Amino acid sequence: MHRIRRWVPLQRLREFSLVIILIIVVLIFGNQIDNYYTPRTFNRISSTVALITLVAVGQTMVVLTRNVDLSVGSIVGFTAYYVGRYVSKNEDMAPLMLAVLAMGIGAGMGLINGLLVAYGRIPAIVVTLGTMAIYRGVLVEYSDSKSVATRQLPDWIKELPQESILKFGEYELRALPAIALVAVIVFFFLLLYTSLGRRLYAIGSSPEAANLAGIRAPRMVTLAFTMCGAMAGLGGMLYLARFGTITVDAARGMELQVVAAVVVGGVNILGGSGTVIGAMLGAILIGTIEQSLIRMNINEFWKDALLGLCIIIAVTVDRILINQLTPWWSRTELQRMPEEPHAAV
Amino acid sequence: RAQDPEPIKAEPGVELNMVLLPKTLGNAVFDEAHEGAIEAHEELENPGELIFNAPTPDNAIPGQIEIIEASITQEVDAIMISANDYEQLLPSTTKAMEEDITVVTWDSPVSPEGEDLFIAQVDFTEVGSVMANMALSILGEDGGQFAILSATPDASNQNAWIEAMQTLLEEDEQYANLELVDIVYGNDDPDDSYNEALGLVDSYPDLELIMAPTTVGIAAAAKAMQDEELCGEVAVSGLGLPSEMQEFVENGCSQEFALWSFKDLGYLTYYVSYLLASGAMEAEEGVVFEAGRMGTYTIEADPNREDGLRVLMGPFSVYNADNLEEWAAGGDEEGEPEVEATEEAN
Amino acid sequence: MQQSKRWAWLKSWEALMFIILCAVVVANLRLSEHYLDLNNLANIFHLSIEKSLVVLIMAFVIINGEIDLSVASVMGLSATVLAERYDAGWPIAAGFVLALFVGVVCGLLNGLFAAYMGIPSLIVTLAGSIGYRGVARILLEDRSVGDFPSWFTSLGQDGIIGPFHITIFVFIALFILGFVILQYSVFGRYVYAIGNNRAAAEYAGINAKQVKVTIFMASGLIAALAGAFYAARLGNVRANAAEGFELDIITIVLLGGVSIFGGTGTMIGVGLSLLVVLNLRNGMSLSNVDGNTQTSVIGLLLILSVLVPNLIQILQRLVPRLFTAISRILNKGGATEPKSQVSVHQ
Amino acid sequence: MTADPLLEIRDVSKQFGATKALSSVSLSLYPGEVHALLGENGAGKSTLIKIMTGIYQPDSGEILLQGRLISLHNSAQAQKHGIAAIYQEPLVFPDLNIAENIFISHQRRNPLVRWGKLYRDAEKVLAQLGVALDVRALARGLPLAAQQTVEIAKAISMDVRVLIMDEPTASLSIHEVKQLFGLVRNLRKAGVAILFISHRLDEVFEIADRVTVFRDGQFISTAPVAEVTPEQAIRDMVGREIGDIFVKEPSPRGGVVLSVKDLTREPRFHHINFELHAGEVLGLAGLVGAGRTDVALALFGIAPAQHGHITYLGKEVHLHSPKQATRMGMVYVPEDRRQHGLVLPMSLMANISLPSVKNYRNQLGMVQRGKEVTTAEQYRQQLSIRTSSLSMPAGKLSGGNQQKVVLSKWLNTKPHLLILDEPTRGIDVGAKQEVHRLINQLAQQGMAILMISSDLPEVLAMSDRILVMREGQQMGIFERREATQEIIMAAAIGQTLNMAESAVAHA
Ligand SMILES: Nc1ncnc2c1ncn2[C@@H]1O[C@H](COP(=O)(O)OP(=O)(O)OP(=O)(O)O)[C@@H](O)[C@H]1O
Ligand SMILES: Nc1ncnc2c1ncn2[C@@H]1O[C@H](COP(=O)(O)OP(=O)(O)OP(=O)(O)O)[C@@H](O)[C@H]1O
Ligand SMILES: [Mg+2]
Ligand SMILES: [Mg+2]
């Protein structure tokens, strides 16, 4: 036990607990739904979750620094639209270049958020509530209320969602989940093994201490927002690939799904702790519940209530699991005053 | 069409401030309606203003109320509403009528006491029969399983159409083999609609058709089938925009879908409102009038709504591989379908 | 020093909001001749009365360091309960009481999970907002219930003093109550203390959990009351009542100078910000500005209202620094250093 | 010391609103010297330090490093110049582990984190300080003294030329202080310039080479340590003579207020037994980490004990929340004022009345500000809290003044049983006397007082009896007359007296 504790830090516990809950959830639904354990279910859920995961990874960067980006839905919508328009006029654009363009636009919007938050010293929620409306407004103006239609898009982008990268029998790893997975891995290492990542944690953990320690918080925060924007931009391109038809309402409300995934995944909304793996697990958990409820043969009007109930049960079980497991894990935890960070926004 | 001798004609040049109030902003169909209204506005040389305004989707009903109230304050002459709710706008539309403002609904009505009349794009029962016919033509004589992907559980238009279709399926022998297995709701959100469509496919392995009486739903469902390479197996049909659906008809994900012209709807709505607000016409059953390029219409009792009056625009355009090419070749730039309406033989 | 104290309030958030409010009012006066119509003045409040009510309690919630995203769903649920019971033959007053009770129970659930289970209120109330709305859907499905007794609808639709509705007076009463409690009572003191430093408050013998649960329950209660008002104003209820209200409500509270991290903000600031937003929206509606642009403008205002004072501060700090640097370059290690009078660091 | 100064402060002034924190002070630091800075609470010491590390910018004046003018706009720049500080209030990153906390400022240099090396290095640094903390453990919830240790480790791990220490020893006991001083001497040998701030004059006179005194933001004097006496230094600080160190007057011992039997919370403390009478001051001594705070937390219901019995005023009680304890007239003055003691953004007046605010209600339940002002004013005078106004946010007070607010806040609840945890942490000599007088006075009025303190002279001076703890165990209870520094120390480090004496002699 000592060994494990030594090499598996406490933070992993959150992920462990989420995996357990995920397994429970899958078992329960498997029991309720015919043909649940099929490759199809897997492919469905993985494709659906991919988009949220990707944006949630970026959001994690921001939330770690004790900020939040509520404009991601609008950024996804805007880039989806813009990239769609752009590619319909420049059909021979290379896929990679298009991705770069999407990330660039997203990063630009994220940069604006970041500058306002870090150098304008405005609370992130205020800035991004504002830019959420503004970016959407810009999209409405820009689009002139026309939508991007599937037929305007080059084939490769339309076919991207059905592209399969890896196949194990009928289980496929499709392009969208693969991209999300790559993002998760990249940012996992970025956060764990680079000093940049550690400083993001430091800033969120204690902004005052970061200031005293000589960490350039404004730069880091701006960077975090920019990365978040870039991920949302990439998300926009994938959104375009997935839905083809893009209206000005594209991805409206996505920010709440993303924030929910991040927070359910154990990223502290007050900053300083959490991992992208957790955020991904959060997205998978909510996505699985949502998708499975769709499959379940119950009255349409009961589904929302059940979804809310499932989420609250899942997070409660998670909390209880963590409380039970923590003493096992950590020697020092027992020595501490039981002063958990209280949760706010 | 009614054959009354003297249709009422509009007198151009009356100064009337009019508000065109669609459900939400940023939806292509409502912009087309706006174009139609502008065309009529110019044709009638109205020196007044044509105001086009709408709320955001997350503030739909209260937003429409705010706009109606603001219009009352501004003492406009007519409000043309595509209502987000059948009853909840009533207090404000009635108030508008009390202030002598003409209230005409289009696309989606309010309860009759809160409007002068309703410009029905098509007959609600007809939508049901068009959908049933499309289902029949796609599934064939032997029939098969199909499901409906609607907008929201409380979208009154969609519910009326679906109900009409269900009645028809039960009553008419012709459709005996069509088995409606489920109705699901995609909330007019591409994401939800996409997932609901896939959920249907997973839940009903023998499903052959998804019928989506909503433009958002049909496009999302078609894309979902395309992504899952199910286009040969599960067909998608319903009410869709040609511009959005062309691709899917070409690649076989959707054989047929239908819609009416929103531009014409806007045009007609404007004409009717102008006639009523200028006092040239009363909103009474049996009144015959001429609506510019669209010809003569009669105000009739609305068979679906007690005490309601309507002007039935019609007809439906059913689009398929044959006429979509024409449509694409002709009207792509202007966004106006050139296809002649294919009246359903029913 | 005396001088600086007297004018110190000018630097406060409330002063800033007041200035913005004046600007908005002046702009409205110039843009629309109808702004001062008594009806319009009543409408400013009346059309957003439900949101305004909930803003009051949301200020408590956020100052206490929590958030309640479920208010809109609680409003919807309470309206639904009221309507459903009425439909089932209960007198409306009984339904009203039950609706309030349901609101309190929702708040209690939020509070128990957030305060006693230690789950972030963001998740709890997000789940709540889905779940409570879901319960409303279960109750009413796709039905709509209306035809309430006229005394009930007249509460929400007819003025009692001129065009001013009784709901406005309820709001004023609650505002004063909220103001006194938050600013002058022991409970208010606790709210601030817990919002700033929960641990220190608990060491001081304050039962933070109890305070939080109380506030969540009050939030449920007020939301339920607002839901009932909504039913009265619209005269008809569907399960989707008040959907999407939470974001507007939170925006107004934040614009009022309440920190999302809790502990700061005043009722006056929130009241002023409410006036700013309502007047701004009204002015824009009268100028026929569409919903999206309205939201964008408020978003921009939200950012600018913090940015501008901060920019001034930053400039105040940078300019002397720049000046120092320049003078240093000019006289090479120069002896004359400008003194900046203002302290900018806090 | 004949060399040029390494760091020089010239005519630095700083004003906060109406408060003139520093007016035209100067100070120079030479390589290889320990320079002590003395001054009353609020004299401007911490402000000067924050200016030296770029946290604050001076309104006027200049900073010279090796004769060259430098401007510091943030602490990163200061670090580049080799200036590092241990701040008065330890501020750790709760979500980072201890190793990372120590090295976070270094990480700029290499972009990749090598975890293995990080842990090894951190262990090395802590070993130098003679402490064994688990470097892999998160810093969240670390006791104050451990936080302070981490801060010290952080500062000494940097390659510094100038090390500033703002009351590093305030929460340490003699044992740790000795370790720290050993380290400081090594640094001095290596040519580091050290600025040392403390209110414990004995420490200052033990370690410092030169002493500078500030008063009310003004420079008063600088002199080699040999040329000043403690009395003189105090006079310079306070601006007047102050009487002898306060002498405790005995108070009548009343009935048993609190009786604790076999109190245990593994692994922090076990089998604690004592009785506390009305009118009695029971000192709780021990080294840092002995578990004293944990006993207090168990009594206050924050971290309840697992076994044992607590009898309070004759009734057995099960305490599980501070509210419950407070209601019964038992209050706890926490050691960590920033986290547990104060609501920093609230006014100092509101902080003082917070636990007893219910007593300030009128019939309508509104708080009567007038009464609040009276109370706050009374404590301001009694404890000489230095502030420009009673509505100043508590966070803007100097460290010692914050501590006085914390004390006022709890004294004002008029409890039966008062648990004090490091009550005079960071309080200057003059005010300390006042606090001691107050404690004595309360005891005379019949209050039972449990006083935890790492300041051994304070424990000896104030207690009727002294309970000594070591690693969670009760080592014994000593009567006032039999207790000496040596005996208590010996018990605290778990040696018999003779061995302890030799240990002290060798250190
Ligand atoms: N940020 C601030 N805003 C306003 N006043 C401040 C601020 N920081 C310090 N002060 C004031 O400046 C004065 C000097 O404070 P400083 O912290 O330097 O004192 P100190 O000498 O360190 O005292 P102590 O021994 O109590 O730590 C105090 O009166 C304090 O109230
Ligand atoms: N300076 C330190 N060095 C190493 N460990 C420490 C130090 N300070 C605290 N700890 C850790 O914290 C635990 C106890 O802290 P706690 O504050 O409860 O004890 P305490 O006796 O009240 O200390 P204090 O003297 O600070 O009041 C110890 O077991 C130890 O693990
Ligand atoms: Mg200090
Ligand atoms: Mg302690």
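Computed from a predicted model, the values in this text were never measured in an experiment. Naming convention: chains lettered A, B, ... in sequence-line order (proteins, then strands); numbering from 1 in each chain.
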Q. Checking Phe30(B) against chain A: side chain, backbone, both or neither under 4.5 Å from a heavy atom?
A. neither
Q.
Is Glu244(B) in contact with chain A via its backbone, its side chain, both, or neither, using a 4.5 Å heavy-atom distance?
A. both
Q) Hey, what's the ring geometry for Tyr185(B) with Phe301(A), parallel, tilted or perpendicular (30° and 60° as the breaks)? A) tilted
Between [atom1] on residue [X] and [atom2] on residue [Y], distance to nearest 0.5 Å:
X: Asp58(B); Y: Asp249(A); atom1: CG; atom2: CG; answer: 8.5 Å
X: Arg295(A); Y: Asn195(B); atom1: CZ; atom2: CG; answer: 12.5 Å
X: Lys158(A); Y: Asn251(B); atom1: NZ; atom2: CG; answer: 7.5 Å
X: Asp191(B); Y: Gln257(A); atom1: CG; atom2: CD; answer: 6.0 Å
X: Asp227(B); Y: Arg44(A); atom1: CG; atom2: CZ; answer: 10.0 Å
X: Ile294(A); Y: Asp202(B); atom1: CD1; atom2: CG; answer: 9.5 Å

Please flag which part of [X] lies under 4.5 Å from any non-hydrogen atom of chain B: side chain, backbone, both or neither.
X: Ala250(A); result: neither
X: Thr150(A); result: both
X: Tyr36(A); result: neither
X: Arg242(A); result: both

Work out which heavy atom in [X] is nearest to a heavy atom in [Y]; give both atom names and the distance.
X: Glu300(A); Y: Ile183(B); value: OE1-O, 4.1 Å
X: Arg151(A); Y: Glu247(B); value: CA-OE1, 3.0 Å
X: Pro190(B); Y: Phe243(A); value: O-CE2, 3.6 Å
X: Ser243(B); Y: Ala149(A); value: O-CB, 3.3 Å

Q | Charged N-O contact under 4.0 Å between Glu228(B) and Arg40(A) | A | no
**Q.** Pairs of heavy atoms under 4.5 Å with chain B: top-ranked of Arg252(A), Glu290(A), Lys146(A), Glu159(A)
**A.** Arg252(A)
Q. Is Glu91(A) atom CD crowded by more than 12 heavy atoms from other residues, nucleotides or ligands, each under 6.0 Å away?
A. yes
Q) Near Trp302(A) CH2, under 6.0 Å, is it more than 12 heavy atoms from other residues, nucleotides or ligands? A) no
(Q) Tell me which of these, Gly199(B), Pro205(B), Ser203(B), Ala222(B), has more heavy-atom pairs under 4.5 Å with chain A than the rest. (A) Ser203(B)
Q) Taking side chain as C-beta onward, heavy atoms only, is Lys223(B) less than 4.5 Å from Pro161(A)? A) yes
**Q.** Test log, rule side chain to side chain contact (heavy atoms under 4.5 Å, CB included), inputs Thr247(A) and Val216(B)
**A.** CA-CA 9 Å; Thr247(A) 67; Val216(B) 178; 5.6 Å; no
